[in-house]
Amino acid sequence: MKCKLLENIKINEDYYLLKFSREGIKAEFQPGQFVTVKLPQQVPGQRLGIPISIYQADTSTFTLFIKILGEGTRILAHAIQDTELDILGPLGQAFTLLTNKTVLLISGGVGYPPLRFLKDKLKDCQITWIHGGKFASDIFPCDHAYTEDGSRGEKGLVTSDLRDILNNQKFDMAYSCGPNPMLKAVASILKDYDIPLEVSLEEYMACGIGVCYGCAVQVVSNDEQPLYKRVCKDGPVFHADEIIWE
Amino acid sequence: MKCKLLENIKINEDYYLLKFSREGIKAEFQPGQFVTVKLPQQVPGQRLGIPISIYQADTSTFTLFIKILGEGTRILAHAIQDTELDILGPLGQAFTLLTNKTVLLISGGVGYPPLRFLKDKLKDCQITWIHGGKFASDIFPCDHAYTEDGSRGEKGLVTSDLRDILNNQKFDMAYSCGPNPMLKAVASILKDYDIPLEVSLEEYMACGIGVCYGCAVQVVSNDEQPLYKRVCKDGPVFHADEIIWE
Amino acid sequence: MNLKTKLNKLVFQNPITTASGTFGSEMEEYVNFNKLGAIVTKTITKERKAGNPSPRLYETEWGLLNSIGLQNPGVESFITETIPLYEKYQTPLIVSFSASTQEEFMEVLSRLESVNSISGYEVNVSCPNVENEGLAFGVDAQVVNELTAKLRKLTKKELIIKLTPNVTNIVDIAIAAKEGGADSLALINTLLGMAIDPMTGKSRIMKKICGYSGSAIKPVALANVYRVAQAIDIPILAMGGAENYLDVLEFIYAGASMVAIGTANFYNPAITEKIISDLSQHFSKYNLTMDKIRGKSF
Amino acid sequence: MNLKTKLNKLVFQNPITTASGTFGSEMEEYVNFNKLGAIVTKTITKERKAGNPSPRLYETEWGLLNSIGLQNPGVESFITETIPLYEKYQTPLIVSFSASTQEEFMEVLSRLESVNSISGYEVNVSCPNVENEGLAFGVDAQVVNELTAKLRKLTKKELIIKLTPNVTNIVDIAIAAKEGGADSLALINTLLGMAIDPMTGKSRIMKKICGYSGSAIKPVALANVYRVAQAIDIPILAMGGAENYLDVLEFIYAGASMVAIGTANFYNPAITEKIISDLSQHFSKYNLTMDKIRGKSF
Ligand SMILES: Cc1cc2nc3c(=O)[nH]c(=O)nc-3n(C[C@H](O)[C@H](O)[C@H](O)COP(=O)(O)OP(=O)(O)OC[C@H]3O[C@@H](n4cnc5c(N)ncnc54)[C@H](O)[C@@H]3O)c2cc1C
Ligand SMILES: Cc1cc2nc3c(=O)[nH]c(=O)nc-3n(C[C@H](O)[C@H](O)[C@H](O)COP(=O)(O)OP(=O)(O)OC[C@H]3O[C@@H](n4cnc5c(N)ncnc54)[C@H](O)[C@@H]3O)c2cc1C
Ligand SMILES: Cc1cc2nc3c(=O)[nH]c(=O)nc-3n(C[C@H](O)[C@H](O)[C@H](O)COP(=O)(O)O)c2cc1C
Ligand SMILES: Cc1cc2nc3c(=O)[nH]c(=O)nc-3n(C[C@H](O)[C@H](O)[C@H](O)COP(=O)(O)O)c2cc1C
Ligand code: FES
Ligand code: FES
């Protein structure tokens with residue numbers, strides 16, 4: 001599907017907000033889902049679509065929140081208004097939407113966007129959002145911010161004060177997205193407090209729609225052989241309990 | 001060598017004149033020589049430089065005359081002013097320059113540019129130029145023009161009236177550039193009239209500087225084995241007698 | 001337009017099919033399956049296969065590395081869960097299967113024979129043979145010949161042997177398969193490839209040596225198809241880097257009766273339909289038929 | 001920066017050299033030859049070889065097809081005309097040669113042994129063996145072993161056997177060369193490839209099946225280098241699609257002691273010098289040495 005870029009807002013050197021027209025896309029966009037975006041030109045090693053979470057969506061547009069990581073995201077981030085990009089989606093399984101609950105959101109770096117969309121869709125919930133990053137430039141609106149260098153919010157990781165927070169407040173449900181080691185740590189702490197957790201995972205993808213089995217994540221199996229699920233189709237959102245963390 | 005495109009003049013839908021700065025290129029540009037030009041972007045199957053004859057040159061610029069044939073020449077032809085292109089050259093062997101002689105030039109289609117440069121450099125010569133092409137758009141200033149469809153000049157090939165012309169006038173030397181079948185026909189006719197002929201050949205090239213032996217043309221050999229020369233280094237200009245036409 | 005073609009026993013409305021492992025029922029949203037010449041399914045095995053640990057994918061400059069490890073739910077689940085998804089289409093269904101012993105190949109085929117909606121089989125012999133030091137079945141002409149002969153006895157349906165290009169002489173293997181009774185040959189499976197993160201030395205793929213596919217391997221695939229087509233007379237289902245109708249024409253000229261689209265599905269899931277429509281236009285415009293151009297490269 | 005490396009008997013100031021057939025004295029204008037780790041010359045044969053008819057080249061989407069056919073002036077002319085062009089440089093000169101019989105390989109080597117300025121030999125065994133049905137020498141482990149042993153007796157200089165990737169198991173051939181007495185191995189030579197004009201069916205290359213090189217084959221080259229480096233202990237001169245210093249790092253991590261730049265010279269004749277300078281910066285920045293990273297992929 002060709003989607004027109006309506007607006008490209010630079011947040012800082014690393015992060016860009018890209019708003020697209022969703023004309024022609026009938027499916028509803030749900031928090032936790034993603035799209036894949038093809039680059040407008042042939043770049044070596046970048047012919048596959050790049051998976052990007054949905055950050056916001058309304059009836060006529062959707063917005064992506066992109067961090068420049070390599071050549072592909074750099075080109076995307078610098079796409080100019082009115083460019084038509086080849087986009088597939090919305091793809092994958094969404095977060096479970098709750099109403100009237102106490103909810104904890106925990107994100108790291110570019111794990112921020114799907115939780116932001118989730119936050120908009122959680123009805124009548126009391127939400128606490130912890131967000132962390134390496135530098136001040138990785139921090140976006142939230143309730144508790146952490147940076148590894150202490151340049152913004154608290155110095156430390158999102159997990160630094162997590163047990164304290166959990167000791168002080170009860171949560172019905174938690175959602176998390178960020179780098180794998182962070183998710184692993186978060187899952188292990190929340191398990192101690194018996195709080196259900198949904199995580200959104202990242203894996204290298206080829207098809208993005210479930211046919212190639214390339215984006216495998218190991219999940220709990222009830223036979224001897226390992227069991228792998230597809231992040232693109234069975235996920236990217238999984239119950240944390242299901243995942244076998246490396 | 002990065003060369004800046006100073007001016008791009010569209011001649012018609014198919015032909016473009018590209019004038020470059022020759023800053024940094026010390027070597028003299030001689031008629032019959034060529035350059036290779038790399039495309040400014042990665043295009044599948046077009047990462048090698050494209051060989052293009054030199055059409056004009058002065059102390060600070062050189063000009064290429066480009067016909068759109070495929071994707072590569074299409075991109076070149078549409079390069080915009082101030083683009084810096086990677087250019088190698090001048091490359092190859094030039095035409096023999098004569099003074100004060102009667103000279104015949106015979107070109108077909110995009111064989112025009114090297115002869116135009118040659119014409120500028122032939123001192124005090126009496127020159128007759130026959131040029132042919134498929135359509136009117138392939139015709140450029142010359143003395144006798146031919147088109148296959150008769151839409152400009154005479155209807156026919158550059159060889160159509162060649163014997164008549166040769167019967168009427170004596171020539172000391174002839175130069176020709178164009179498609180191989182034309183060159184072959186020209187060579188065979190001029191042989192009958194005993195007029196020395198230099199031809200400029202085209203071959204698919206990789207290095208353009210004589211190292212890969214990819215641009216082979218078969219020449220007369222005095223042993224049993226065939227003998228191949230390199231169009232890029234030993235040519236592109238050859239004495240017609242030397243060539244074994246397919 | 002007349003895009004009709006055939007392998008040995010099967011006739012197809014057009015020469016475009018899907019490469020095993022790169023296509024699935026999830027594509028329904030993007031492709032009208034009834035438009036395809038045939039559908040080739042992802043390789044299945046007797047029992048469920050877990051597949052390889054991640055990362056399983058890496059896009060190199062000009063191609064794709066994969067190390068899926070034949071993840072599949074096993075033949076029983078395939079028959080009950082997957083087959084029905086295709087039964088609503090008229091398009092011939094070709095089932096790819098594999099095994100780690102000759103006996104197991106036979107068991108899987110016998111089981112599949114009970115399913116009427118299967119039109120033919122693609123036998124994936126690129127997997128390790130536990131009876132032969134783990135060497136791929138497909139690298140040994142003798143083994144390919146024996147295995148083909150055994151499978152031939154079990155089915156009257158189109159039996160396609162899919163060859164690996166990672167051999168000294170693919171023609172030897174092709175002859176062995178033909179003499180064993182193969183109806184047709186599929187080639188090529190992936191090349192062996194690898195990629196390394198130059199900053200850390202870490203292999204991009206967990207299993208290190210893996211399969212290499214996509215546009216980058218097209219010249220190799222064409223050379224293999226051409227060599228086999230020149231050497232023996234057997235229908236060829238070609239694949240390896242075909243991305244558009246011009247690539248498909250190259251394969252047909254080289255000797256292919258059908259062409260499967262693999263990696264290109266990942267760049268655009270609707271690509272197969274687009275190729276069929278482009279090819280159809282091209283055939284009309286130049287008044288071509290498969291017979292006029294197949295194997296006619298010169 | 002410390003870019004020093006070695007093969008078995010030769011030490012080089014850096015690991016960058018030139019792939020046979022893609023570099024020549026004509027490069028002087030673009031590259032300071034004294035900056036190179038070594039220079040490998042275009043393959044020569046005993047007598048002059050005419051080479052193949054044109055077209056000999058075609059650029060595919062992501063790589064290059066070539067069918068030069070070893071055009072060269074023969075060993076005598078090489079010694080009198082070509083060698084002197086390199087004698088003004090300090091860079092070790094490695095001479096590539098080939099032949100169509102074992103006897104002829106020995107004759108060429110004996111003749112070259114009289115030239116003091118040659119540091120080592122790269123033996124190109126990818127050419128047809130007239131004593132073995134025209135099969136390439138390099139596809140038969142037994143033949144490679146015999147030939148290497150015969151050549152070993154004739155020289156004390158670095159003897160590099162250059163392997164073809166067009167075999168079922170390159171490790172078998174590598175072992176055969178090592179056991180025959182090779183000092184080191186060069187890999188890989190070109191893959192077999194083909195391309196066809198889809199509009200006419202005409203092969204892009206006169207000889208049809210030809211050599212495939214460039215960036216597209218890098219994953220295959222890495223897989224071969226890695227497999228050989230894992231299997232046996234012998235210095236490796238790697239090549240196949242290396243275009244920049246990151247590619248070179250991949251090859252070193254995979255197990256290469258030296259890396260040759262081939263097709264990339266055609267995109268930019270000054271590329272080897274650029275790679276050496278980029279590599280030098282990278283080694284400084286991360287405080288690397290060849291020993292720290294060679295073969296350390298994980
Ligand atoms: C479900 C999902 C949702 C995502 N959401 C966002 C988002 O909202 N915003 C955002 O900025 N980024 C998001 N990403 C990450 C984004 O896809 C990568 O940053 C991007 O692919 C990197 O490409 P590059 O060319 O810039 O970098 P490269 O130099 O190619 O790679 C940088 C890193 O990204 C990994 N990567 C490369 N290609 C892929 C691929 N096709 N799939 C997965 N990983 C890859 C590489 O392994 C490497 O670690 C998401 C990824 C996934 C899987
Ligand atoms: C010495 C020489 C001088 C030339 N001078 C001019 C000139 O002054 N003006 C001009 O317009 N054209 C000139 N050409 C031709 C020009 O190089 C081709 O038109 C161009 O390479 C076609 O590229 P493309 O991508 O547009 O077309 P493609 O679609 O790639 O090919 C179109 C045709 O060009 C041939 N071709 C492709 N690449 C090369 C290559 N690297 N070398 C040789 N042939 C190739 C193909 O075989 C095909 O027949 C010259 C060629 C040579 C060898
Ligand atoms: C992700 C992926 C999975 C594959 N899985 C299989 C498979 O299960 N069985 C098989 O025979 N081939 C498999 N292949 C190989 C393809 O069917 C095909 O032979 C190969 O990729 C070359 O075609 P292509 O370049 O068009 O992809 C797979 C290829 C890819 C890229
Ligand atoms: C035009 C060309 C000519 C070649 N000639 C030779 C040769 O004479 N001898 C040889 O051993 N290899 C030859 N090769 C192979 C290269 O040396 C190298 O092994 C191969 O191209 C892979 O490296 P690359 O991808 O960096 O080019 C040639 C390759 C090309 C492209
Ligand atoms: S990316 Fe293909 S199955 Fe997930
Ligand atoms: S193009 Fe390389 S020798 Fe002419």
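Just so it is clear: chains get the letters A, B, ... in the order the sequence lines come, proteins before strands, and each one is counted from 1.
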>> Whether the A:E13 and A:S137 side chains hold a donor-acceptor pair (N or O, under 3.5 Å, no angle test) is what I'd like checked.
In response: no

> Hey, is A:R22 close enough to A:D58 for a salt bridge, meaning N to O under 4.0 Å?
Replying inline: no

>> Out of A:G210, A:P44, A:C207, A:C215, return the one with the most heavy atom pairs under 4.5 angstrom to chain C.
In response: A:P44

Enumerate, including both backbone and side-chain atoms, all donor-acceptor pairs under 3.5 Å from chain A to chain C.
{"from": "A:K38", "atom 1": "NZ", "to": "C:Y267", "atom 2": "O", "distance (Å)": "3.2"}
{"from": "A:G45", "atom 1": "N", "to": "C:E61", "atom 2": "O", "distance (Å)": "2.8"}
{"from": "A:R47", "atom 1": "N", "to": "C:E59", "atom 2": "OE1", "distance (Å)": "3.4"}
{"from": "A:R47", "atom 1": "N", "to": "C:E59", "atom 2": "OE2", "distance (Å)": "2.5"}
{"from": "A:R47", "atom 1": "NH1", "to": "C:E243", "atom 2": "OE2", "distance (Å)": "2.9"}
{"from": "A:R47", "atom 1": "NH2", "to": "C:E243", "atom 2": "OE1", "distance (Å)": "2.8"}
{"from": "A:R47", "atom 1": "NH2", "to": "C:E243", "atom 2": "OE2", "distance (Å)": "3.2"}
{"from": "A:L48", "atom 1": "N", "to": "C:E59", "atom 2": "OE1", "distance (Å)": "3.2"}
{"from": "A:L48", "atom 1": "N", "to": "C:E59", "atom 2": "OE2", "distance (Å)": "3.1"}
{"from": "A:Y204", "atom 1": "OH", "to": "C:E59", "atom 2": "N", "distance (Å)": "3.0"}
{"from": "A:Y213", "atom 1": "O", "to": "C:R56", "atom 2": "NH1", "distance (Å)": "2.7"}
{"from": "A:A216", "atom 1": "O", "to": "C:S54", "atom 2": "OG", "distance (Å)": "2.4"}
{"from": "A:D223", "atom 1": "OD1", "to": "C:R48", "atom 2": "NH2", "distance (Å)": "2.8"}
{"from": "A:D223", "atom 1": "OD2", "to": "C:R48", "atom 2": "NH2", "distance (Å)": "3.4"}
{"from": "A:Q225", "atom 1": "O", "to": "C:R48", "atom 2": "NH2", "distance (Å)": "3.4"}
{"from": "A:Q225", "atom 1": "OE1", "to": "C:A50", "atom 2": "N", "distance (Å)": "2.8"}
{"from": "A:Q225", "atom 1": "NE2", "to": "C:R48", "atom 2": "O", "distance (Å)": "2.8"}
{"from": "A:P226", "atom 1": "O", "to": "C:R48", "atom 2": "NH1", "distance (Å)": "3.1"}
{"from": "A:P226", "atom 1": "O", "to": "C:R48", "atom 2": "NH2", "distance (Å)": "3.2"}
{"from": "A:Y228", "atom 1": "O", "to": "C:Q71", "atom 2": "NE2", "distance (Å)": "2.9"}
{"from": "A:R230", "atom 1": "NH1", "to": "C:E26", "atom 2": "OE2", "distance (Å)": "3.0"}

>> Quick one, A:V158 and A:M182 - any side-chain contact, counting heavy atoms below 4.5 Å?
In response: yes

>> I'd like to know whether A:Y15 forms a ring-ring contact (aromatic ring centres under 6.0 Å, His included) with A:Y112, so could you lay out the CA-CA distance, the side-chain angles of the two residues, the decisive distance to 0.1 Å, and finally the verdict.
In response: CA-CA 11 Å; A:Y15 292 89; A:Y112 189 84; 8.8 Å; no

> Hey, mind stepping through C:F12 and C:M258 against side chain to side chain contact (heavy atoms under 4.5 Å, CB included) and telling me if it holds?
Replying inline: CA-CA 9 Å; C:F12 308 96; C:M258 288 208 92; 3.4 Å; yes

> Less than 4.5 Å apart, any side-chain heavy atom of A:V220 and any of A:I244?
Replying inline: yes

